[in-house]
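Structure first, commentary second.
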Amino acid sequence: MTILIEIACSVSQEKPAQVTIEAFCKETGDLLIGRRVNEETHEVLLVVQLLQTVSVGRHTTVLSHALQQGVIASFRYMSSDLVKISFDPSRDLQEQMHDFPLRPGESWLPAIHNPHQAYVCLSRPLMLTEQAAWLLKRQLEWAFI
């Protein structure tokens, strides 16, 4: 299981939020891995992968301050099994991912630093047969993180 932090902010606050998060990740060695925009709410979800659980307290302090300052709207910790998938660069990522079979409570998000990769947050340590078959059928590169 991987510990993740989901950080929500308004579209207008995305740049300052991302700068704050990237600076702190540089200090702790953690990684800002994903970004998803919710067009309906005009919010951005940024996801950080914690590489060391000792940084949880440090992140909480910085994120609580950013929350008080209005830079972010919310944050939450979650644990998930994480799968990174690399896609065909000649096709739209959203289009390729649209029919990936997710269980309730599972989600996916585009990688923030590579427009041809996505992360799937699995609720259990093993993929469903349908999920593995989906990946194999498309002959995609993927790996558990």
Side-chain angles (χ1 to χ4, degrees), residues 1-26 28-60 62-64 66-67 70-145:
M1 293 295 260
T2 300
I3 304 296
L4 302 171
I5 310 173
E6 290 186 341
I7 304 156
C9 65
S10 66
V11 171
S12 64
Q13 289 295 317
E14 180 181 6
K15 188 66 173 169
Q18 188 171 339
V19 167
T20 299
I21 294 163
E22 285 179 335
F24 201 76
C25 284
K26 189 174 181 180
T28 62
D30 298 318
L31 301 171
L32 177 59
I33 61 168
R35 173 188 180 272
R36 180 175 47 232
V37 177
N38 184 331
E39 299 293 340
E40 294 172 9
T41 63
H42 302 287
E43 281 193 331
V44 175
L45 183 69
L46 300 169
V47 177
V48 173
Q49 177 188 9
L50 298 186
L51 299 179
Q52 303 174 36
T53 55
V54 296
S55 62
V56 168
R58 294 174 68 195
H59 278 294
T60 300
V62 170
L63 293 172
S64 294
L67 187 61
V71 175
I72 65 171
S74 66
F75 69 94
R76 75 178 181 125
Y77 293 92
M78 58 182 276
S79 60
S80 177
D81 282 293
L82 202 58
V83 176
K84 181 167 71 171
I85 306 170
S86 297
F87 289 89
D88 178 351
S90 67
R91 294 184 48 217
D92 178 66
L93 178 67
Q94 297 279 348
E95 178 186 307
Q96 292 180 78
M97 224 16 227
H98 84 280
D99 63 345
F100 184 83
L102 294 169
R103 290 178 272 216
E106 295 182 339
S107 62
W108 74 272
L109 64 149
I112 196 164
H113 298 297
N114 185 332
H116 309 297
Q117 289 183 336
Y119 291 92
V120 176
C121 301
L122 298 174
S123 59
R124 296 190 185 110
L126 296 175
M127 278 188 208
L128 291 171
T129 305
E130 296 90 337
Q131 291 170 328
W134 188 93
L135 291 166
L136 292 172
K137 179 181 177 185
R138 287 157 181 79
Q139 299 179 347
L140 298 171
E141 288 183 38
W142 61 277
F144 276 97
I145 306 273

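Values below: every heavy atom of this structure, side chains too, minus hydrogens, waters and symmetry copies.
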- request: Looking only at non-hydrogen atoms, find the nearest pair between Pro16 and Ser12 and report the distance.
  value: CD-O, 4.4 Å

message: Run the side chain to side chain contact (heavy atoms under 4.5 Å, CB included) test on Asp99 and Trp134 for me, step by step, so that the C-alpha distance in whole Å, both residues' side-chain angles and the decisive distance to 0.1 Å come before the verdict.
response: CA-CA 9 Å; Asp99 63 345; Trp134 188 93; 2.9 Å; yes

Interatomic distance, Ser90 atom OG to Gln96 atom CD [nearest 0.5 angstrom]: 7.0 Å

- prompt: Around atom CZ of Arg124, are there more than 12 heavy atoms of other residues, nucleotides or ligands at under 6.0 Å?
  reply: no

- line: Test side chain to side chain donor-acceptor pair (under 3.5 Å), reference Asp30, set Gln52, His59, Arg58, output is His59

- request: Work out which heavy atom in His98 is nearest to a heavy atom in Glu95; give both atom names and the distance.
  value: ND1-O, 2.6 Å

message: Measuring only between side-chain heavy atoms, which start at C-beta, is Leu140 closer than 4.5 Å to Phe87?
response: yes

message: Ignoring hydrogens, what is the shortest heavy-atom contact between Gly29 and Leu51? Give both atom names and the distance.
response: O-CD1, 3.0 Å

statement: Between the CD atom in Gln18 and the OG1 atom in Thr20, the distance rounded to the nearest 0.5 Å is 10.0 Å

- prompt: Is Ser79 reaching over with its side chain to a backbone N or O of Met1, donor-acceptor style, under 3.5 angstrom?
  reply: no

- prompt: Is there side-chain contact between Leu135 and Ile85, with heavy atoms separated by less than 4.5 Å?
  reply: yes

message: Are the side chains of Tyr119 and Val83 in contact, using a 4.5 Å heavy-atom criterion?
response: no

query: Under the criterion side-chain contact (heavy atoms from CB on, under 4.5 Å), which of Thr2, Val48, Leu82 is the partner of Ile33?
result: Leu82

query: So, for Pro110 and Gln94, which heavy atoms are closest and what is the spacing to 0.1 Å?
result: CG-NE2, 4.4 Å

message: If I compare all heavy atoms of Leu67 with all of Ala73, which pair ends up nearest, and what's the gap?
response: CD1-O, 3.1 Å

query: How far apart are the C-alpha atoms of His116 and Leu93, what are their side-chain angles, what is the distance that settles it, and do they pass the side chain to side chain contact (heavy atoms under 4.5 Å, CB included) test?
result: CA-CA 6 Å; His116 309 297; Leu93 178 67; over 6 Å; no

statement: When rounded to the nearest 0.5 Å, the distance separating NZ of Lys137 from CD of Glu130 is 13.0 Å

Approximate separation, where rounding is to 0.5 Å, of Asn38 CG and Leu45 CG: 9.0 Å

- request: Measure the spacing between CD of Gln131 and CD of Glu106 and express it to the nearest 0.5 Å.
  value: 5.0 Å

task: Taking all heavy atoms of Phe75 and all of Thr60, pick out the closest pair and write down the distance.
output: CZ-O, 4.2 Å

Member of Leu102, Asp81, Leu109 meeting the side-chain contact (heavy atoms from CB on, under 4.5 Å) criterion with Cys121: Leu109

query: Is any side-chain heavy atom of Leu122 less than 4.5 Å from a side-chain heavy atom of Phe144?
result: yes

message: Rounded to the nearest 0.5 Å, what separates atom CH2 in Trp108 from atom CE in Met97?
response: 5.5 Å

- prompt: Glu14 and Arg35: salt bridge (charged side-chain N to carboxylate O under 4.0 Å, His left out), yes or no, with the steps?
  reply: CA-CA 10 Å; Glu14 180 181 6; Arg35 173 188 180 272; 2.4 Å; yes

task: Report yes or no: does Tyr77 contribute a side-chain atom to a donor-acceptor pair with the main-chain N or O of Glu6 at less than 3.5 Å?
output: no

query: Would you say Val47 and Ile7 make side-chain contact, with heavy atoms under 4.5 Å?
result: no

